[in-house]
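Working notes, structure below.
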Amino acid sequence: MPNLIALIDCDNFYASCERVFDPSLKNKPVVVLSNNDGCIVARSQEVKDLGIKMGSPYFKEKALLARHNAAVFSSNYELYGDMSERVMATLRTLYSDVETYSIDEAFVKIPDVSNIEELCSQTVSKVKKWTGIPVKVGVSITKTLAKVAAETVKQRKLKDRYFVIKDIAHKDDILSRFAVGDVWGIGRATSAKLAKIAVKSALDLTRLDDSDIKRQFGIVLLRTAWELRGNPCLDMELDPEPQKNLCYSRSFSHTITKFEELKESIIAYASSAAEKLRARRLIASSLTVFINTSYFDSTAPTYANSTTVSLPYEANSTKLIVNSAVDALSKIYRKGYNYKKSGIILNDLTSEELQQPSLFDYKNPKDDKISAVMDLINKKYGKGSIRLAGSGFDNDWKMSRNHLSKRYTSDWNELLDIKP
DNA sequence: TCTGGGGTCCTAGGACCC
DNA sequence: TCTGGGGTCCTAGGACCC
């Protein structure tokens, strides 16, 4: 028999965590909100049944939730992290190879046992008993197929909370009824492109020609297709590398128009980022600052820009990180002013304005000059609302944002002792 | 009035070096 | 004077995940 992999996935994780600590919430609708209580980031089944979407802004759903007497929580990441560790620890009592894939999911290697169903059932009940968290289990011969199996538990609302895809005939039957867009690794863009060539089910994808997939979609989708056919391309990662980026981003709750105010926020966020670095025993070699106008304001022109600076040495000190962040912010202004193509707002400055020399000596900041630029922008476009980050779920803005935080690299090594 | 905050990987093109 | 190819690094952008 081929090696089997299981995906263990916690149900409505954050909402379930809150329930563990307040059993009276059983069968009651529960939602958990994002950091500044802006969006709904977790929903119990009752809330899903009300038709409330993941990521929906809280203010839009507030009345509906109140009518159904829902319990509403601000997020408590310490609690969820702790509960996650308990779930993983429980899994390690049952399996020798456990890969923590995310805060609420793990892949495990299924040992050579005669009764897989029995083991799945035991997993579901043991995690529930030991931690209070309900989970579902999907089993198959590749990670992607294990994901399909777990998703099948959800879609079919299976009472046993596990599903096993073993043989080829069984697999193809499942995949023929599984939407290609629901496959792990296939998002909105790819499924739209696949629909155009009449690929609707996961099975359809497995029947495409390898070279066509590679040419039209790239290596990533080819791997997914292989995995769906039952050829493993994704290994278990039992000894993960240290993380490569660390991002600290927040939206403002109100409009920011003054450079000084922006700078204060950058300082606060950079210092939080430095704290996070040290807490995780990481050091950074470079740092990126990015700013955005509000994504949701469709009436105002949008502006987004960023700058990456190299740190003089790999470090995690608050002082260095904060100073570098302020440098980077200053550079954004200078860049935005000097480069025609760098943003819609600054694009429209007159040639005379563009010809002015660099506005900012960032070693010796002259904030009045920056304010002058902001005033210029505000005069042209009304109140410019500059936001740090912004928000949105898998929207275009977010895509383009991703690389902006990329340069925040870090490394373990014995360099940990470097702490100027 | 109010719209999250994290991460990873892949690819194309240009600069630069030999 | 003209022409070449290989390699690396960086930037920018796109796609996906939870």
>> Applying a 4.0 Å non-hydrogen cut-off, can you work out what A/D104 is touching in the nucleic acid: base, sugar-phosphate, or nothing?
In response: sugar-phosphate

>> Please pick, from B/dT3, B/dG6, B/dC9, the nucleotide with the shortest atom-to-atom distance to any side-chain atom of A/S249.
In response: B/dG6

>> Using a 4.0 Å cut-off on heavy atoms, which residues in residues 137-152 of chain A reach DNA chain B? List them by number, or say none.
In response: none

> Would you say A/K200's side chain and A/V180's backbone share a donor-acceptor pair under 3.5 angstrom?
Replying inline: no

> Once you round it to whole Å, what is the distance between P of B/dT3 and CE of A/M54?
Replying inline: 17 Å

>> With salt bridge (Lys or Arg N to Asp or Glu O under 4.0 Å) as the criterion, how do A/D210 and A/R229 come out once you've worked through the C-alpha distance, each side chain's angles and the decisive distance to 0.1 Å?
In response: CA-CA 12 Å; A/D210 273 359; A/R229 290 181 197 138; 2.9 Å; yes

> Just the dot-bracket of DNA chain B, please: which string comes out with Watson-Crick or G-U pairs under 3.5 Å, [ ] for crossing, | for another strand?
Replying inline: ....||||||||||||||

> Would you say the side chain of A/I133 lies within less than 4.5 Å of the side chain of A/C17, judging by non-hydrogen atoms?
Replying inline: yes

> Once you round it to whole Å, what is the distance between P of C/dC16 and CG of A/N245?
Replying inline: 19 Å

> Can you tell me how far P of B/dG6 sits from OH of A/Y248, to the nearest Å?
Replying inline: 7 Å

>> Taking only side-chain N and O atoms of A/T190, does any of them lie within less than 4.0 angstrom of OP1 or OP2 on C/dC16?
In response: yes

>> Restricting to side-chain hydrogen bond (donor to acceptor under 3.5 Å, both in side chains), what partner residues turn up for A/S201, sequence neighbours left out?
In response: A/D204

>> For the backbone of A/L234 and the side chain of A/R223, can you confirm whether one donor and one acceptor N or O come within less than 3.5 Å of each other?
In response: no

>> Please determine whether side-chain hydrogen bond (donor to acceptor under 3.5 Å, both in side chains) holds for the pair A/T123 and A/Y95, giving the CA-CA distance in whole Å, both sets of side-chain angles, and the decisive distance to 0.1 Å.
In response: CA-CA 10 Å; A/T123 304; A/Y95 303 94; 2.6 Å; yes

> Please give, in whole Å, the distance from C/dC18 P to A/Y80 OH?
Replying inline: 19 Å

> Any cation-pi pair here, A/K276 with A/Y248, using under 6.0 Å and within 45°?
Replying inline: no

Side chains of residues 8-16 of chain A: which donor-acceptor partners sit under 3.5 Å, not counting sequence neighbours?
unit_1	atom_1	unit_2	atom_2	d
A/D11	OD1	A/K136	NZ	2.7
A/D11	OD1	A/R161	NH2	3.3
A/D11	OD2	A/R161	NH2	3.1
A/N12	OD1	A/K48	NZ	2.5
A/S16	OG	A/D11	O	2.6
A/S16	OG	A/N12	O	3.2

> Tell me: NZ of A/K62 to P of B/dC2, nearest whole Å?
Replying inline: 13 Å

> Got a donor-acceptor contact below 3.5 angstrom from the A/K171 side chain to the A/S140 backbone?
Replying inline: no

> Heavy atoms under 4.0 Å, any strand shown: does A/K193 hit a base, just sugar-phosphate, or nothing?
Replying inline: nothing

>> Run the side chain to side chain contact (heavy atoms under 4.5 Å, CB included) test against A/K109 and tell me which residues pass, sequence neighbours left out.
In response: A/D97, A/M236

>> Between A/T131 (side chain only) and A/V127 (backbone N and O only), is there a donor and an acceptor less than 3.5 Å apart?
In response: yes

>> Please classify the nucleic acid contact of A/I186 as base, sugar-phosphate, or nothing, using heavy-atom distances under 4.0 Å.
In response: sugar-phosphate

> Given atom CD of A/E78 and atom P of B/dG6, what is their separation to the nearest angstrom?
Replying inline: 15 Å

>> Is there a side-chain contact between A/R188 and the phosphate of C/dC17, meaning an N or O under 4.0 Å from OP1 or OP2?
In response: no

>> For the P atoms, the ones on B/dC17 and on C/dT3, what distance do you get once it is rounded to whole angstrom?
In response: 22 Å

> Which parts of residues 207-231 of chain A get close to DNA chain B, meaning a heavy atom less than 4.0 angstrom away?
Replying inline: A/I219, A/V220, A/R223

>> Under a 4.0 Å threshold between the charged nitrogen and the carboxylate oxygen, would A/E227 count as salt-bridged to A/K147?
In response: no

> When we call it a touch if two heavy atoms are under 4.0 Å apart, what does A/S75 touch: a base, just sugar-phosphate, or nothing?
Replying inline: nothing

>> Within the 4.0 Å heavy-atom criterion, would you say A/V32 contacts the bases, only the backbone, or no part of the nucleic acid?
In response: nothing

> Taking CD1 from A/I103 and P from C/dC18, how many angstroms apart are they, rounded to a whole number?
Replying inline: 14 Å

> Which nucleotide sits closest to the side chain of A/E105: C/dC18, B/dG7, B/dC2?
Replying inline: C/dC18

>> Using a 4.0 Å heavy-atom cut-off, does A/Y101 contact any base of the nucleic acid, only the sugar-phosphate backbone, or nothing at all?
In response: sugar-phosphate

> To the nearest angstrom, how far is A/E99 atom CD from B/dT8 atom C1'?
Replying inline: 13 Å

>> I want to verify a distance call: between B/dT8, B/dG7, B/dT3, whose nearest atom is closest to the A/C247 side chain?
In response: B/dG7

> Judged by atom type as modelled, is there a donor-acceptor pair below 3.5 Å linking the side chain of A/D209 to the main-chain atoms of A/S211?
Replying inline: yes

